[in-house]
Colleague: 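Please find one structure pasted underneath; my questions will follow.
Chain A is the first sequence line, chain B the second, and so forth, proteins listed ahead of strands; every chain is numbered from 1. In what follows, every heavy atom counts, from backbone to side chain, and hydrogens, waters and symmetry copies are set aside. The shown structure was predicted, so the numbers you read here are calculated from the model rather than taken from an experiment.
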Number of protein chains: 2
Amino acid sequence: MRPTVNDIAREAGVSLATVDRVLNARPGVREKTIRAVNEAIARLGYVRDLTAANLARSRSYRMAVLLPDTESQFVQSLADALIEAGSQAATARIELKLLRFPAEDPHALAALLAGLPGRGYAGVALMAPETPVLRDAVRGLRVRGLPVVALVSDLPNTGRDHFVGIDNRAAGRTAGVLMGRFLGGGPAQVMVIGQSLLARDMIERRRGFDEVMLRDFPAIEVLPSLETHGSERLLRQVVAETLLHAPDVRGIYAMGNGHRSLTQIVEEMGLSGRLTVICHELTPHMRGALEAGTVTAVITQNLGHLARSTLRVLRAKADNLPLDEGQEQIRIEIVLRENLPPAPDSVRQNPAAAA
Amino acid sequence: MRPTVNDIAREAGVSLATVDRVLNARPGVREKTIRAVNEAIARLGYVRDLTAANLARSRSYRMAVLLPDTESQFVQSLADALIEAGSQAATARIELKLLRFPAEDPHALAALLAGLPGRGYAGVALMAPETPVLRDAVRGLRVRGLPVVALVSDLPNTGRDHFVGIDNRAAGRTAGVLMGRFLGGGPAQVMVIGQSLLARDMIERRRGFDEVMLRDFPAIEVLPSLETHGSERLLRQVVAETLLHAPDVRGIYAMGNGHRSLTQIVEEMGLSGRLTVICHELTPHMRGALEAGTVTAVITQNLGHLARSTLRVLRAKADNLPLDEGQEQIRIEIVLRENLPPAPDSVRQNPAAAA
DNA sequence: GACAAAATGAGGTACGTTCCTCAAAAATGC
DNA sequence: GCATTTTTGAGGAACGTACCTCATTTTGTC
């Protein structure tokens, strides 16, 4: 049997009340007594029973997670992962509220954020591009004591408490090595596509990609980035044109997510499997494209980890506890057709049934 | 506030005792009453508080994990991951005992296994090659009601309850695609090295590797597998000889783990970075080799996941609960220098300090 | 409608903590 | 050595659930 607080009290020759004072760092205990208790704890190898502690504390954490209301598969999958993680975390008395905000309206987001503290939230995570309005809103939250976590895309100048996501520069480098090696070092041309070259993550991916290409694959020419601004029509048009007129293009690096029509064009032009196509984020659509051979590799992050890490970090920050940086590091995963993990289950039903 | 059992009782118009009977599937409740309670549960969105439930049950799970006493970095890292997962799982009242057995002595292992049930264990995980003696020992355990989980290397003919590890055939295929693509499709020769071609995982990796090479890269010749039987000297000798006399060898696939001298030879021969070397398992030594450029890619499995999955599966089996297959699927990870995750912390100290 | 059997209610104790109050003991200052 | 402050002890209530007993009510049978 594991030792309990009562065992410590007996072992240390003090009362339960004193042990409790020491364990919870309450005042009014002599240094000498504290030492005696700690020695007893060490001697018995006592480990506090967290389930009982949390029960007694009946502390609970209301967390808000804000996602843009885009209906991209990536955001949708992320939302699913968060809901799943939230229901698992119910055990740890964490209650997660998923809120959506209009993707193109920083002011609406700021207003939403400003209203959060009054509604009993213990922490906020959000996925949004950094704008001046947002910066102020985040600062406001932190002034009022709410920890803020940046999700997927970092907000370095807002003073956010933590960033949960991959190192986009390293992700770009990874894409670079794969592209370079898959093309046998060239000679070849490579297209690079992204939604917007203003978004921080896009810039970093591009930088990482270029870094590797320049250093390791001088025979491969990387064409200027193509900005789609979310327009699938524009994407179709430019990609088709480029592929027709530049026969040396043997690879495409799609830095963002949501380029569904990219794979369509490649297929329509009969180039499926003949081009090296590297994309980001393993959405359901990307799974299909990998299986079909249209996409060669997908650089991705495990959304389950991302979601769980978000909750762990928020909780730690809310309690002012240190966090295990190692565990919160999100890995850059490489997915090929050959190591495609099986599709995740749909969101679980009937949580009460879990025993 | 989350609804409690008392809320359900009130909502359903029954007593607490009846709610308890329904929740825990105890006998003596009319079908009609059961339905009423379940409807109240659904209406209120009740979710059982597991921390409180476990506390009340004060059920605990003693789990044994058996690893061979080889001092390979892989086994050592796995042991660390298990200890870590075990200390985390203390919250869930899981107590993990790590036991070592002589790697080359199936009888000693069988004797160890035979003695476990009497010592209050609720489940056993083990990493061992399948031998007739082991088969009988595992069957014996299961007859006595102990769930058995195969770790890393499967034991399909023992009737084990579950296998925790990667799909080695798929891992071999992954190695194959990487090798083929990194070599630009050939022409080239590739060496394949493994400890023993009798071990099930080695056979499967080789099969997966060949499958891809034959199908997709006909211009690459895969040389016959080289068995080292754990002898580093033999490895050094044969590799050096082959590399000297076969100038077309441009790639090496090391199927097993623990080939530390392989990277040494490659470095000594001045071939670091000029050969495509693909290995398994991201041990500290492999990290170094990746960083140095001696090894091109490492196919690996996340030992943290492996360890946590093991405990989750054992627990589920011990309670006869269904498991979430999706969550227990271990991913095949590809690690290049560019996406090398930061080194994990050393094992944590002073578990009592965790709040 | 009498009877047995089945279903339900009422209430308690326990799990290992947290957090509170009040009294008692010990240490400290003068 | 007395008063004051600090430290310690004893005890209890609570968190949400599990599990037990015993009494009471309801149901079904003939």
Side-chain angles (χ1 to χ4, degrees), chain A residues 1-38 40-41 44-61 90-95 319 351-355, chain B residues 1-38 40-41 44-61 90-95 319 351-355:
Chain A
M1 263 299 155
R2 268 168 55 175
T4 74
V5 275
N6 283 300
D7 298 325
I8 302 176
R10 208 176 320 112
E11 175 79 14
V14 300
S15 74
L16 180 59
T18 301
V19 173
D20 178 62
R21 291 183 183 110
V22 174
L23 274 177
N24 296 290
R26 280 185 248 278
V29 186
R30 269 184 308 171
E31 196 51 51
K32 192 176 144 200
T33 315
I34 294 183
R35 223 176 312 118
V37 170
N38 280 328
I41 288 176
L44 296 182
Y46 169 79
V47 180
R48 175 195 249 130
D49 183 329
L50 274 182
T51 77
N54 283 333
L55 178 59
R57 263 194 263 260
S58 75
R59 170 146 173 46
S60 69
Y61 307 79
T91 302
R93 320 190 85 72
I94 291 178
E95 187 197 359
D319 282 347
Chain B
M1 262 302 159
R2 269 168 52 176
T4 73
V5 275
N6 283 299
D7 298 324
I8 300 176
R10 208 177 318 113
E11 174 80 15
V14 299
S15 73
L16 182 59
T18 301
V19 173
D20 178 62
R21 290 183 183 110
V22 174
L23 274 177
N24 297 290
R26 278 185 252 278
V29 186
R30 267 185 308 170
E31 197 51 51
K32 191 176 146 200
T33 313
I34 294 183
R35 224 176 311 118
V37 171
N38 281 327
I41 288 177
L44 296 182
Y46 168 80
V47 181
R48 178 197 244 130
D49 184 328
L50 275 183
T51 77
N54 283 334
L55 178 59
R57 264 193 263 260
S58 75
R59 170 146 173 48
S60 69
Y61 307 79
T91 302
R93 319 190 86 72
I94 291 178
E95 188 197 358
D319 282 346

Colleague: Do the side chains of B/Val5 and B/Asp20 get nearer than 4.5 Å, heavy atoms only?
Modeller: no
Colleague: At under 4.0 Å, does any side-chain N or O of B/Arg30 touch on OP1 or OP2 of C/dA6?
Modeller: no
Colleague: What integer distance in Å separates A/Arg35:CZ from D/dT7:C1'?
Modeller: 15 Å
Colleague: Quick check for you: among D/dG16, D/dA18, D/dA10, whose closest atom lies nearest to any side-chain atom of A/Ser15?
Modeller: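 Among D/dG16, D/dA18, D/dA10, the one nearest the side chain of A/Ser15 is D/dA10.
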Colleague: Main chain of B/Thr4, side chain of B/Asp7: is a donor-acceptor contact present, judged purely on distance under 3.5 Å?
Modeller: yes
Colleague: By nearest heavy atom, map A/Lys32 and A/Arg21 onto DNA chain C; which one lands nearer the 5' end?
Modeller: A/Arg21
Colleague: Taking CD1 from A/Ile8 and C1' from C/dG16, how many angstroms apart are they, rounded to a whole number?
Modeller: 11 Å
Colleague: If you only use heavy atoms from C-beta on, which nucleotide in D/dT17, D/dT8, C/dT17 is closest to the side chain of A/Arg48?
Modeller: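 Of D/dT17, D/dT8, C/dT17, C/dT17 is nearest to the side chain of A/Arg48.
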Colleague: Which whole-number value in Å describes the distance from A/Glu31 CD to D/dT6 C1'?
Modeller: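 In whole Å, D/dT6 C1' and A/Glu31 CD are 15 Å from each other.
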Colleague: Can you tell me the distance, in whole Å, between the OH atom of A/Tyr46 and the C1' atom of C/dG16?
Modeller: 8 Å
Colleague: Is there any protein nitrogen or oxygen under 3.5 Å from a nitrogen or oxygen in nucleotides 11-15 of chain D, and what are the pairs?
Modeller:
residue : atom : partner : partner atom : Å
D/dC15  : O2   : A/Leu55 : O            : 3.4
D/dC15  : O2   : A/Ala56 : N            : 3.1

Colleague: Is the closest side-chain heavy-atom distance between A/Leu23 and A/Tyr46 below 4.5 Å?
Modeller: yes
Colleague: Can you measure A/Leu23 atom CG to C/dC19 atom P for me and round it to whole angstrom units?
Modeller: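 Rounded to the whole Å, the gap is 11 Å.
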Colleague: For A/Thr18 and D/dG9, is the shortest distance between a side-chain N/O and OP1 or OP2 below 4.0 Å?
Modeller: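 So the side-chain polar atoms of A/Thr18 do come within 4.0 Å of the phosphate oxygens OP1 or OP2 of D/dG9, strictly under.
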Colleague: Using the side chain to side chain contact (heavy atoms under 4.5 Å, CB included) rule, take A/Thr18 and A/Val29 through it: C-alpha gap first, then chi angles, then the decisive distance, then the call.
Modeller: CA-CA 7 Å; A/Thr18 301; A/Val29 186; 4.3 Å; yes
Colleague: Using whole Å, report how far CG of A/Asn6 lies from P of C/dA14.
Modeller: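 Taking CG of A/Asn6 and P of C/dA14, I get 13 Å after rounding.
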Colleague: Please tell me if the side chains of B/Leu55 and B/Thr51 come closer than 4.5 Å, counting only heavy atoms from C-beta onward.
Modeller: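 The answer is no, as the side chains (C-beta and beyond) never meet within the 4.5 Å cut-off.
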Colleague: Between C1' on C/dT17 and CG on A/Asn24, what's the gap in Å once rounded to a whole number?
Modeller: 9 Å
Colleague: Using modelled atom types and a 3.5 Å cut-off, is there a donor and acceptor pairing between side-chain atoms of A/Arg21 and backbone atoms of A/Gly28?
Modeller: no
Colleague: Closest heavy-atom contact between A/Pro3 and A/Leu44?
Modeller: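 Residues A/Pro3 and A/Leu44, closest heavy atoms: CG-O, 3.5 Å.
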Colleague: Let me spell it out: for each of A/Arg26 and B/Val29, pick the nucleotide of DNA chain C with the closest heavy atom. Which residue's pick is nearer the 5' end?
Modeller: B/Val29
Colleague: Whole-Å distance between D/dG9 C1' and A/Arg10 CZ?
Modeller: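 Result: 16 Å.
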